[in-house]
Amino acid sequence: MKPYEPHVIEEKWQTVWERNKTFKVDEAGAKKKYYLLEMFPYPSGKIHMGHVRNYSIGDVIARYKRMRGYNVLHPMGWDAFGMPAENAAIERNVHPATWTYENIAYMRTQLKRLGFSYDWDREIATCDVDYYRWEQWMFLKMFERGLVYRKNSPVNYCTKCRTVLANEQVEGGACWRCGEEVVQKELTQWFFAITKYADELYEYCDKLPGWPEKVLHMQKNWIGKSHGVEVDFRLEDGTDMTIFTTRPDTLYGVTFMVLAPEHPLSFKLAQGTSQEKEVSSFIEKVKAQDRSFRGEISTEKEGVFTGRYAVNPLNGAKIPVYIGNFVLMEYGTGAIMAVPAHDQRDFEFAKEYDLPVIVTISPEGRTLDPREMTEAYVDDGVMVNSEHFNGRNNREAIPVIIDYLEEKGFGRRMVNYRLKDWGISRQRYWGAPIPVVYCDRCGVVPVPYEDLPVRLPLDLGVTVIGRSPLAEYPEFYRTTCPSCKGDARRETDTMDTFVESSWYFLKYACADYKEGPLDRQRVDYWMPVDQYIGGVEHAVLHLLYSRFFNRVLNGLGLVEVKEPFENLLTQGMVIKDGAKMSKSKGNVVDPDYLIEKYGADTARLFCLFASPPEKDLDWSDQGVEGSARFLQRVWRLVAEHVEKLSNVEPVYEPQGNDGDLRELTHRIHKTIKKVTDDVERFHLNTAIASIMELVNAIYRYIEKERQDREARELLRGAIETALVLLFPFVPHISSELQEMIGSGSDAVSNWPVYNELYVQEDRVTIAVQINGKLRDTCSVERDLEEASLKETVFSLEKVKKHIEGREIRKTIVVPNKLVNIVCS
RNA sequence: GCCGGAGUGGUGGAACUGGCAGACGCGCCGGACUCAAAAUCCGGUGGUGCUUGGCACUGUGCGGGUUCAAGCCCCGCCUCCGGCACCA
């Protein structure tokens, strides 16, 4: 028997695919398109098991869809800008570009060794000037449309990475990349106006049925849409103080107002009152506090009276105005109405400063006494102390009250979002330069389109820590103003690398296009991405940014679709010894080692078989052994019986009534159906399990040592079926064995079809229950009519024994499945 | 605190729409082959009890409920994971 040598056959088939350009696609032809995309990797040096898993899942789907006759776009590229390149430069004195391209070269060979079916002709690296030049073009277009702007504001800053982070890139007060605590810094930065799309991004969550609920929830949560009303409270001097509330049903319970310390009115109000000094020192104190400290829910509520009063527009009540540390300037109007009876924060503040509590919502069946309340009553109830709204259910009253406010001109409906604009400036070198020039005379001047690209200079040594190296490099920043031709300075910050990943999926559609940012025709042919696969960690990062960016590009007429990703699969992490694989935990399994020891097919098979894609995968060395053993078993199945198979044609639907043949035939068709259904819904682990069952059945069949031609023909049919079904999972061994028995494998359009006639078994096993308890089973012919079935069941010895002397109340029959006898 | 998701053998995980719980794999036990071992092949494997080639009871985080029938549906909890969190 020819031995199974994974490395030999894997290299062989990879060469065949490469030479034949098997996976190259174009936009011609009548086949239906299918765009399958996996999140592209950062070229960190080597791929890790998470990549192997992600790309193995994707490759199964890509190969499967190809076999089903689709024109499949399955591209790969590199998210190539980013900080590790700079760190490597500083640590090892290699240029970020050198480091990056060397990593790409190595990782490309790794991916090729795993046999993934990419169209390598469409490979892109985002650090190529031919890529980022168009990103700069898009930036300028956005600038023209007011979708990118510059402002001075407190921003998140990671002291370890020495750069700014967007809100989405801060996780629990720490940097998403390095885990260092994030501090606040006042800086002038460029922002993308993602909030202009907040509503669309929120509402379209409901139009993405192909996304996991979890991710949609996270996005909605992040955008944080809340419906409410802006109400104008008038100050004594006649100026309006506008607040936002979602609870206008509690307006009659307002007993004080609170401004954020940063609110423009805060200091102004106190000016000239006896409170002036106290107010200014309070504001100074809060400003000095760390923002993350202020954001702590446990931080005690503190405030100070401004000495001024406002008037409740509904009932004319005179209400003191405070400044408080718990009010955020960034949300709503930076001012709130406080209803201590029905809001816990307001309640705590009122207790601290001895402010009155007025109940306006009464729970069913009891009366609230403000003097005895120990916490706010935040649930629903009946309105009281609310003039003509009394007696109404508070929830139902909300729209009525809002109508009333609008009618009287006291306020207006308003929707508020938690989402903030996306800060994209990074004080780093290895990124796409922001195409802007600062001129003392003309101010901020965008680089003219004809001057693009603004090239990232590659001839400087990256050694500087703390500032962007570009800011230390006059050859880059010294320039002339495009407008007045005088001396000017370039922007030295680069763009957040999440900008590159926000449109790379569009570039794949027309990777070789040079005349403009995107070839609309080809982009519209391929978009949207039919299936996107990646880690859930990007639920509110990359996936939200990409939805936003795609919308911007849609607005610029570069792409037809509004949503880039039709279906999303978020695969779980690879876990070992109860923790995510990481260098610091020392529990990393190196894909190179795995391929070396077992081959690519085993590595792929284990990743796919050990758990369903969405779940975390628990690493198990023994599990890997098991996968290798199965492939050996498949190999032997064919290699040991080559002679027996080579001189017969495969048969899938044998004639006649031979029991052995009928059983195997049933198995073949059942397996095709099961694997097809399972792959369609990404149950790849159970798809593999059922192929294993087929292989086991073939072994049992072989043991019968049938030598007749019919039996051999069916054996060949069964083996070919198993091999073809295995192809998307383990393509190398499948191709080799198919070739060995002389059946052609073109990797395209040859997914097997099943015949429903053979999917059903001739005889079925009926579960026999008495009062719901399983007492016996019996085998009957399929679709046996109910009367005969009952007759058979009641004649069973065990049934007779159990029902003896008991009264039969009814008998439930589920055809081909079960009979349940209900008796006393 | 709010919003999601998940709890099944020794273990990774199956069970599509309420219909034989534990497919498939790993591990373990027994057997075959072998001088022996490895590899391979075959058989067994949720728990408890018994009059032990069989039979009974029990069993999907806990407590109730609906149903002829519940891992799956409903109500009330517990635990773990994830997201948001002074967002008005």
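Chain naming here is simple, since letters A, B, ... match the order of the sequence lines and numbering starts at 1 in each. Below, all heavy atoms of this structure are taken into account, side chains as well, without hydrogens, waters or symmetry copies.
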Closest approach to the side chain of [X], judged atom by atom: which nucleotide of [options] is it?
X: A/R633; options: B/C68, B/G13, B/C41; value: B/C41
X: A/M692; options: B/G13, B/G25, B/A15; value: B/G25
X: A/E703; options: B/C68, B/C41, B/A15; value: B/C41
X: A/L818; options: B/A14, B/A88, B/C20; value: B/C20
X: A/N820; options: B/C20, B/C68, B/G13; value: B/C68
X: A/K214; options: B/C42, B/C26, B/G82; value: B/G82
X: A/R681; options: B/C16, B/G19, B/A88; value: B/C16

How close or far is atom [atom2] of [N] from atom [atom1] of [X], stated in whole angstroms?
X: A/E786; N: B/G19; atom1: CD; atom2: P; result: 19 Å
X: A/E213; N: B/G83; atom1: CD; atom2: P; result: 18 Å
X: A/L725; N: B/C24; atom1: CG; atom2: P; result: 17 Å
X: A/E330; N: B/C86; atom1: CD; atom2: P; result: 11 Å
X: A/L608; N: B/C26; atom1: CG; atom2: P; result: 17 Å
X: A/I770; N: B/A56; atom1: CD1; atom2: C1'; result: 14 Å
X: A/D618; N: B/G27; atom1: CG; atom2: C1'; result: 15 Å
X: A/M573; N: B/A6; atom1: CE; atom2: C1'; result: 14 Å

Answer with yes or no whether the side chains of [Y] and [X] bring together a donor and an acceptor at under 3.5 Å.
X: A/N416; Y: A/S226; value: no
X: A/R418; Y: A/N221; value: no
X: A/N312; Y: A/Y252; value: no
X: A/T360; Y: A/R247; value: no

For each nucleotide in nucleotides 44-53 of chain B, reading 5' to 3', give B when a protein heavy atom comes within less than 4.0 Å of its base, S when such contact involves only the sugar-phosphate, and - otherwise. ----------

On RNA chain B, nearest-nucleotide positions of A/Q769 versus A/A335: which is more 5'?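 Counting from the 5' end, the first nearest nucleotide belongs to A/Q769.
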
Want to settle it: does A/K810 or A/K615 sit nearer the 5' end of RNA chain B, counting the closest nucleotide to each?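 The answer here is A/K615.
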
N or O in side chain of [X] less than 4.0 angstrom from [N] OP1/OP2:
X: A/T686; N: B/G13; value: no
X: A/R775; N: B/C55; value: no
X: A/R629; N: B/C26; value: yes
X: A/K773; N: B/U58; value: yes
X: A/R809; N: B/A69; value: no
X: A/R636; N: B/C41; value: yes
X: A/N685; N: B/A14; value: yes

I'd like to know if the side chain of [X] and the backbone of [Y] have a donor-acceptor N/O pair within less than 3.5 Å.
X: A/R782; Y: A/V764; answer: no
X: A/N820; Y: A/G772; answer: yes
X: A/S734; Y: A/V730; answer: no
X: A/D601; Y: A/I733; answer: yes

Measure from the ring center of A/F256 to the ring center of A/Y353 and say whether it is less than 6.0 Å.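 Distance test on ring centres: not under 6.0 Å, no.
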
Assess the residue pair A/F606 and A/Y598 against the criterion (side-chain contact (heavy atoms from CB on, under 4.5 Å)); give the C-alpha distance rounded to whole Å, side-chain angles, the decisive distance to 0.1 Å, and a yes or no. CA-CA 11 Å; A/F606 174 73; A/Y598 299 99; over 6 Å; no

Using 30° and 60° as the class boundaries, would you call the ring planes of A/Y545 and A/W422 parallel, tilted or perpendicular?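 Ring orientation of A/Y545 relative to A/W422: parallel.
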
Where the chi angle of B/G4 falls, syn if within 90° of 0 and anti if not: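 Judged by the O4'-C1' to base torsion, B/G4 sits in anti, the angle falling more than 90° away from 0.
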
Does anything in residues 215-224 of chain A reach RNA chain B, meaning a heavy atom under 4.0 Å, and if so which residues?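 Heavy-atom contacts with RNA chain B come from A/H217, A/M218, A/N221, A/W222.
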
Answer yes or no: does atom CD of A/E663 have more than 12 heavy-atom neighbours from other residues, nucleotides or ligands under 6.0 Å?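 For A/E663, atom CD is not crowded (no more than 12 foreign heavy atoms under 6.0 Å).
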
Say we look at B/G64 and B/G10: how far apart would their C1' atoms be, to the nearest angstrom?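 That atom pair is separated by 32 Å.
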
With C1' as the reference atom in both, quote the distance from B/C20 to B/A32 in angstrom, rounded to an integer.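 Result for the C1' pair: 33 Å, nearest Å.
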
Show me the dot-bracket string of RNA chain B, counting Watson-Crick or G-U pairs under 3.5 Å, with | for pairs to another strand and [ ] for crossing ones. (((((((..(((......[....)))((((((.......))))))(((((...)))))..(((((..]....))))))))))))....

Geometric cation-pi criterion A/K220 and A/Y202, 6.0 Å radius, 45° cone: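 Satisfied, under 6.0 Å and within 45°.
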
